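As structure tokens, the structure follows; a few thoughts come after it.
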Amino acid sequence: MGQPPFIIIAIDGGAASGKSSSSKILADRFNLLHVDTGSFYRHITYELLRRKVPPTDHAAIIAALAELKFETRLNGRSAQMLIGGQPAGDEIRGQNVNDHVSHYAAVPEVRTALLAYQRGQTAVARQHGFRGLVMEGRDIGSVIFPDAEFRFFLHADPTERARRRENEGRIDSVAERDRIDSSRKTSPLCCPPGAIDIDSTFLNLDQVVEKMAALIAAKIQ
Ligand code: DC
């Protein structure tokens, strides 16, 4: 018997749609590298804000990006991005980054700078002996891995998503970020054709995970 085939699971959806919690559980269950691409956009946003480079100044963004070296280290089963050798701090989940991240994520040069890095996570997963990877974001099933074995799109009512954030004790402009993320020209948030659409408004986390896990297990076992 040879190695089981490497699997890629793409999970897209709006803010607080349940992507992170469900993808971490799937990573544990199927021995996958967990990759949260939102944390990559957040880390870059933090760095550009620190350098006082506004999202409107594309020339300055290009110059700043050229100086940034992206590397990866493992944090448990999750891929952690290092910029200039440094991991992101808790600030990337704070209000300032929440308020700005969608504006930087809409800049085509920022997305291009992350494209190869995100695809390169397959090599990280293989190198560390994972069976595959589960990557969460906004454009994973549409742009990063359109041929992934599994592509899920999670959505939930905006009021329910705002309530989830509140329960986590976080202030987040869920609806506003979704509006910007869905309406940008480059790689907008959308359910790509052929992806499995799951409405989690009335489902708890276990129910969402079981829906996805059943489909994955049926195909790979
Ligand atoms: O998943 P998150 O809410 O932490 O993501 C933060 C922001 O990053 C989100 O508002 C839009 C952007 N993002 C993106 O444009 N593409 C991705 N693949 C992941 C995140």
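Every number for a ligand or one of its atoms is a count from 1 in the order of the listing. All values reported here derive from a predicted model rather than from experimental measurement.
- Salt-bridge check for R51 with E67: passed, with a basic side-chain N closer than 4.0 Å to an acidic carboxylate O.
- Cation-pi check for R131 over F30 is not met; the charged atom does not lie both under 6.0 angstrom from the ring centroid and within 45 degrees of its normal.
- Contact annotation: the side chain of T122 approaches that of F6 to within less than 4.5 Å [non-hydrogen atoms, C-beta and beyond].
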Do M81 and Y117 pass the side chain to side chain contact (heavy atoms under 4.5 Å, CB included) test, and can you show the C-alpha distance, the side-chain angles, and the key distance before you say yes or no? CA-CA 10 Å; M81 178 195 234; Y117 177 73; 3.5 Å; yes

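- For the pair I216 and L26, the minimum side-chain heavy-atom distance is below 4.5 Å.
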For ligand 1, run through the N/O pairs with the protein that fall under 3.5 Å and put one pair on each line.
from	atom 1	to	atom 2	distance (Å)
ligand 1	1 (O)	R138	NH1	3.0
ligand 1	3 (O)	R138	NH2	2.9
ligand 1	3 (O)	R177	NH1	2.8
ligand 1	3 (O)	R177	NH2	3.4
ligand 1	4 (O)	R42	NE	2.7
ligand 1	4 (O)	R42	NH2	3.4
ligand 1	10 (O)	S102	OG	3.3
ligand 1	10 (O)	R177	NH1	2.8
ligand 1	10 (O)	D181	OD2	2.7
ligand 1	15 (O)	R111	NH1	2.8
ligand 1	15 (O)	R111	NH2	3.4
ligand 1	15 (O)	R184	NH1	2.8
ligand 1	15 (O)	R184	NH2	3.0
ligand 1	16 (N)	R111	NH2	3.0
ligand 1	18 (N)	T37	OG1	3.1
ligand 1	18 (N)	R138	N	3.0
ligand 1	18 (N)	D139	OD1	2.9

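- Residues D178 and P158 form no side-chain contact, since every pair of their non-hydrogen atoms from C-beta on lies 4.5 Å or further apart.
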